[in-house]
Amino acid sequence: MFEEPVSAVDALPMPVASHEFSFDPFRDDVVGNVQVITANYEDTLSDIARRFNLGYEEIVAANPDVDPWLPGAGTRIIIPTQFILPDAPREGIVINLAAMRLFYFPKAEDGEMQKVITHPVGIGRLQWKTPVGATRITVKDENPVWRPTPSIHKEYARNGNPLPAAVPPGPDNPMGSHVLRLGWPTYAIHGTNKPPSVGMRGSFGCIRMYPEDIAGLFNEVAVGTPVRVVNQPRLLGWRGDQLYLQAYPVLEDDKRNHDKQFGKLIKETRSALKAQINARPHQTLNNSLIKETILDPRATALPVTKANISLQNYQDLALHVQNTLPFNATWVDDVKGNFTTAEIRESEQLQ
């Protein structure tokens with residue numbers, strides 16, 4: 001009996017989940033794995049980002065030589081679905097502004113592995129910065145009414161687009177269908193009616209999420225859940241016997257001396273109790289890879305204690321997977337939900 005040959009693409013493994021992971025909190029700080037796909041002719045990087053639960057800036061940073069709007073059929077695309085967890089208490093919600101990424105740590109029972117759920121987010125634009133610090137969820141709202149603040153009213157009026165006193169629930173509501181209000185007045189974690197703005201600096205200070213992601217998080221968290229917002233463009237963490245470094249572009253308004261801070265971070269990470277496990281104390285830093293990672297931040301976690309390896313070497317070894325929705329993906333691949341190039345370009349005007 002004649003058997004139809006299997007195409008090379010179909011023979012590739014399915015992509016692995018890119019938003020929900022388990023890890024040993026006493027040993028490891030890194031979750032997920034870098035993956036590689038081959039673009040289809042109709043793909044944009046934003047299409048691929050939403051498919052793999054990534055933000056716009058994340059996937060662009062990982063693929064700096066690729067045209068975001070027209071990658072081209074057959075183009076190799078790095079999928080940076082490996083994450084170093086922020087340096088913060090692993091409880092409740094932690095948001096890293098530099099990574100434009102949220103991490104939710106559900107409470108683990110004794111003897112269980114720690115679970116983390118992570119999603120990309122949009123953050124406050126340059127003139128409307130998202131604050132750093134600790135707060136908590138105070139109210140959960142479904143199908144919210146948006147009541148713009150006086151300063152937002154002024155901004156819209158100045159641009160010739162005056163707002164009503166209140167925007168009812170529906171497709172024109174920029175808060176989307178779910179809102180987690182915070183202890184900080186006027187700030188919240190919410191959905192959006194402009195999904196392309198996720199992974200960008202486009203909001204009035206609030207944390208924006210893909211509609212499918214905020215719906216899932218809304219059902220997971222309770223009022224009172226702690227929320228901590230940090231700004232950590234350089235992250236170090238252990239996995240196995242390797243120390244990893246993940247670097248993101250520093251936000252334009254972040255004037256800290258990150259080179260000085262990184263020197264302290266290296267010393268603290270290597271002297272911590274976690275660094276004394278197994279062969280970790282004997283690992284030597286790959287200084288050329290550290291320098292490459294910091295000078296050219298690609299939003300990709302790299303093993304900087306692995307000798308004789310470069311960014312390109314590491315990416316060449318990444319698992320090549322099918323260009324399709326990962327198992328257990330948050331997004332339903334509905335053509336009606338795809339955003340167009342025009343919508344993406346419109347969202348860029350928000351910044």
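Just so you know, these numbers use all the heavy atoms, side chains as well, and skip hydrogens, waters and symmetry mates.
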Indicate yes or no: does [X] engage [Y] in a salt bridge with an N to O separation below 4.0 Å.
X: D29; Y: R90; result: yes
X: E91; Y: R228; result: no
X: D296; Y: R298; result: yes
X: D24; Y: K274; result: no

Non-hydrogen atoms of H258 and D254 that approach each other most closely: NE2-OD2, 2.9 Å
Where F83 and S18 come nearest, the two heavy atoms and their spacing: CE1-O, 4.0 Å
Exercise: do [X] and [Y] side chains pair donor with acceptor under 3.5 Å:
X: S203; Y: R125; result: no
X: N193; Y: D172; result: no
X: D141; Y: H178; result: no
X: D213; Y: T330; result: yes
X: Q261; Y: N257; result: no
X: N286; Y: T284; result: no
X: S197; Y: R208; result: yes

Given side chains that start at C-beta, do those of [X] and [Y] come closer than 4.5 Å, heavy atoms only?
X: T38; Y: I77; answer: no
X: L12; Y: V321; answer: no
X: N278; Y: R27; answer: yes
X: L236; Y: I266; answer: yes
X: W238; Y: R280; answer: yes

Within a 6.0 Å radius of atom [atom1] on [X], are there more than 12 heavy atoms belonging to other residues, nucleotides or ligands?
X: N33; atom1: CG; answer: yes
X: K140; atom1: NZ; answer: yes
X: L317; atom1: CG; answer: yes

N/O donor-acceptor pair under 3.5 Å between Q246 side chain and I84 backbone: yes
Donor-acceptor pair, side chain of T305 and main chain of L243, under 3.5 angstrom: yes
Which residues share a side-chain contact (heavy atoms from CB on, under 4.5 Å) with V145, sequence neighbours left out: R147, A166, P169
Single-linkage hydrophobic cluster V94~L85, side-chain heavy atoms < 4.5 angstrom: yes
Co-membership, hydrophobic cluster, residues L285 and Y314, 4.5 Å side-chain: yes
Evaluation steps, salt bridge (charged side-chain N to carboxylate O under 4.0 Å, His left out), between R201 and E252: CA-CA 10 Å; R201 298 193 75 171; E252 306 96 301; 3.1 Å; yes
Passing option when R101 is tested against T118, N96, N53 for side chain to side chain donor-acceptor pair (under 3.5 Å): T118
Cation-aromatic face contact R50/Y210, 6.0 Å, 45 degrees: yes
